[in-house]
Amino acid sequence: MQLVLSENWTMTGGRADLPAVVRWAREAEDAGFDSVMISEHIVLGPDAGANGIMGNPRDYALPGNQDPYTPWPNSLMLLSAIASVTERIRLAASAVIAPLRHPLLLARELGTLDLLSEGRLMVLPNVSWSQDEYNALGVPFTRRGKLLDEHLEIWAKLWGTSPVSHESDYYPFQDVYFEPKAYHPDGPRLCFGGAGMHDAMVRRIVRHGHAFNPLGRPTPEEMKKLADAMTAAGRNITDLEMIGGTRATFPDDNTCADLAQALESIPEQMTAGFTTFCIKPSQFTDNPKNVAAFCRQVIRHVTTLTD
């Protein structure tokens, strides 16, 4: 199980209470969780809530439905703090918006965190969705896919032998010495995901991916497209860690969801090859002191469902 530690602000504020998020990660490890996930934004603009703010603040914030005042602390700093107080649990840096940084800087941050955690880091690099965020940082929104592809190409070079050079219109450099490397010889574990099974995502999974984390449930046709592409590249879809999720149903906008109901889909997802499942604690409790007990309850439920 993977504990989602972003967007839990109905339980704790995004400013003074950040140590609580670190504590929850340690409690998740103690309860038997496999990983924790933290997502990111650097800034938000008006387009964050362009489709209307979600009714229940415990729900997942999807593109265009979140309050622009939503706190987004730096995900890699938080994961570094978590790495320092845990020993086993994996660290999922989800939705790292790569085009908003220079690839050399981001590779340095990711490689250092991978070393610090002794290889526990998994990164989901993506392009995200907010044009306002790109505009604020002076990055061309329409070029974001190309920029991400260059990040991936450059990172692969950097994990190899120095010096490294790269020719491009966006990130040209010559004879760069990049030390120390990441913990793994081929860099941090990379995960890709999002809505649908578009060609660019399939290409990135096949070339660079260690895991797949879709937004929602992929159709059998979409899974076949991915499997066929992996096979054509000499890989097998079983090489990928398949990350599913839980979907909470809220009775109203002021109430938490039922945990048992949210976990019911896990056996079905397992038959489709999914082995890791995301769950966000604030969907099921409003008490920040209840996360340890919540994590133990999740593990008990899942064990019962899968025995």
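Contact annotation: the side chain of V291 approaches that of M11 to within less than 4.5 Å [non-hydrogen atoms, C-beta and beyond]. C278 has its side chain within reach of M37: a pair of non-hydrogen atoms, C-beta onward, lies under 4.5 Å apart. Between E241 and C191 the shortest side-chain heavy-atom distance does not fall below 4.5 Å. By the 4.5 Å heavy-atom criterion applied to side chains, P180 and R108 are counted as neighbours. Between D47 and Q131, some side-chain heavy-atom pair lies under the 4.5 Å cut-off. A heavy-atom distance below 4.5 Å is found between the side chains of Q283 and Y60. Side chains of Y170 and P140 form no contact here, defined as non-hydrogen atoms less than 4.5 Å apart. Proximity of D17 to W9: side-chain heavy atoms (C-beta onward) are nowhere separated by under 4.5 Å.
Judged by distance alone, the side chain of Q269 and the main-chain N or O of G245 form a donor-acceptor pair under 3.5 Å. Between the side chain of S84 and the backbone N or O of A81, at least one donor-acceptor pair lies under 3.5 Å. Side chain of S6 to main chain of S39: a donor-acceptor pair is present (N/O by atom type, distance under 3.5 Å, no hydrogens or angles). Listed for the N65 side chain is no donor-acceptor partner under 3.5 Å among the backbone atoms of N51. Remark: the backbone N or O of R58 is paired with a side-chain donor or acceptor of K280 at under 3.5 angstrom. One N or O on the side chain of K157 and one on the backbone of S165 form a donor-acceptor pair closer than 3.5 Å. Listed for the E29 side chain is a donor-acceptor partner under 3.5 Å among the backbone atoms of E87. Between the side chain of T86 and the backbone N or O of R26, no donor-acceptor pair lies under 3.5 Å. No donor-acceptor distance shorter than 3.5 angstrom exists from the side chain of N135 to the backbone of E133, with no hydrogens or angles considered. Put simply, the side chain of N56 gets close to the backbone of T255: a donor and an acceptor are under 3.5 Å apart.
Across every non-hydrogen atom of A211 and L240, the tightest pair is N-CD2, 3.9 Å. Pairing each heavy atom of P281 with each of I279, the nearest pair is CD-O, 3.8 Å. Among all heavy-atom pairs drawn from W24 and P288, the shortest one is NE1-O, 3.1 Å. Nearest approach of L215 to A195, heavy atoms of both residues: CB-N, 3.8 Å. Residues L110 and W155 share a closest heavy-atom pair of CD1-CH2, 3.8 Å. Residues R144 and P99 share a closest heavy-atom pair of O-CG, 3.5 Å.
Linking ILVMFWY side-chain heavy atoms closer than 4.5 Å, directly or via other members, places L106 and L78 in a single hydrophobic cluster. Cluster annotation: V96 is not connected to L44 through the hydrophobic network of ILVMFWY side chains, with a link wherever side-chain heavy atoms come within less than 4.5 Å. There is no path of hydrophobic side-chain contacts, each under 4.5 Å, that joins V4 to L79. Side-chain heavy atoms closer than 4.5 Å link hydrophobic residues (I, L, V, M, F, W, Y) into clusters, and following such links, even through other members, never connects L5 to L124. Residues F277 and M223 are members of one and the same hydrophobic cluster, defined by side-chain heavy-atom contacts under 4.5 angstrom among Ile, Leu, Val, Met, Phe, Trp and Tyr.
The aromatic rings of H41 and W129 lie perpendicular to each other, with more than 60° between the two planes, well past the 30° mark. Ring orientation note: the planes of H102 and F173 are tilted relative to one another, at an angle of 30° to 60°. Taking the six-membered ring where tryptophan is involved, the planes of F178 and W159 are perpendicular, since the angle between them exceeds 60° and thus also 30°.
Expressed to the nearest 0.5 Å, how far CD of E264 lies from NE2 of H301 amounts to 10.5 Å. The CZ atom of R101 sits 14.0 Å away from atom CG of L104, with the distance rounded to the nearest 0.5 Å. Atom CG in N290 sits 9.5 Å away from atom CD in E27 (nearest 0.5 Å). Note that OG1 of T249 is 9.0 Å distant from CG of D258, once rounded to the nearest 0.5 Å. Once rounded to the nearest 0.5 Å, the distance linking CG of L152 with CZ of F192 reads 4.5 Å. In this structure, I205 CD1 and L190 CG are separated by 11.5 Å, a value rounded to the nearest 0.5 Å.
Salt-bridge annotation for D199 and K225: present, with a side-chain N of the basic residue lying under 4.0 Å from a carboxylate O of the acidic one. Between K224 and D228, at least one side-chain nitrogen of the basic residue sits less than 4.0 Å from a carboxylate oxygen of the acidic one, meeting the salt-bridge criterion. A salt bridge links R189 to D186: at least one charged side-chain nitrogen sits closer than 4.0 Å to a carboxylate oxygen.
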Working note: R203 + D149, criterion side-chain contact (heavy atoms from CB on, under 4.5 Å); need CA distance, chi angles, decisive distance, verdict.
CA-CA 10 Å; R203 183 183 72 250; D149 287 336; 2.7 Å; yes
If you apply the rule salt bridge (Lys or Arg N to Asp or Glu O under 4.0 Å), what do you find for D34 with R90, and how did you get there?
CA-CA 6 Å; D34 304 295; R90 293 182 299 152; 5.8 Å; no
Full working for side-chain contact (heavy atoms from CB on, under 4.5 Å) between M197 and T219
CA-CA 9 Å; M197 191 70 73; T219 65; over 6 Å; no
Under the side-chain contact (heavy atoms from CB on, under 4.5 Å) rule, what do I38 and I82 come out as? Steps first, then yes or no, please.
CA-CA 11 Å; I38 298 181; I82 289 169; 3.8 Å; yes
Assess whether side-chain contact (heavy atoms from CB on, under 4.5 Å) is satisfied between Y134 and R143, documenting all intermediate values.
CA-CA 10 Å; Y134 275 80; R143 299 285 188 178; over 6 Å; no
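For E179, the CD atom counts as densely surrounded, since its 6.0 Å shell holds more than 12 non-hydrogen atoms of other residues, nucleotides or ligands. For R207, the CZ atom is loosely surrounded, since the number of other residues' heavy atoms within 6.0 Å does not exceed 12.
One side chain, K181 or S162, offers a donor N or O that lies under 3.5 Å from an acceptor on the other. N236 and T238 are linked by a side-chain donor-acceptor pair at a separation below 3.5 angstrom, with hydrogens and angles left out of the test.
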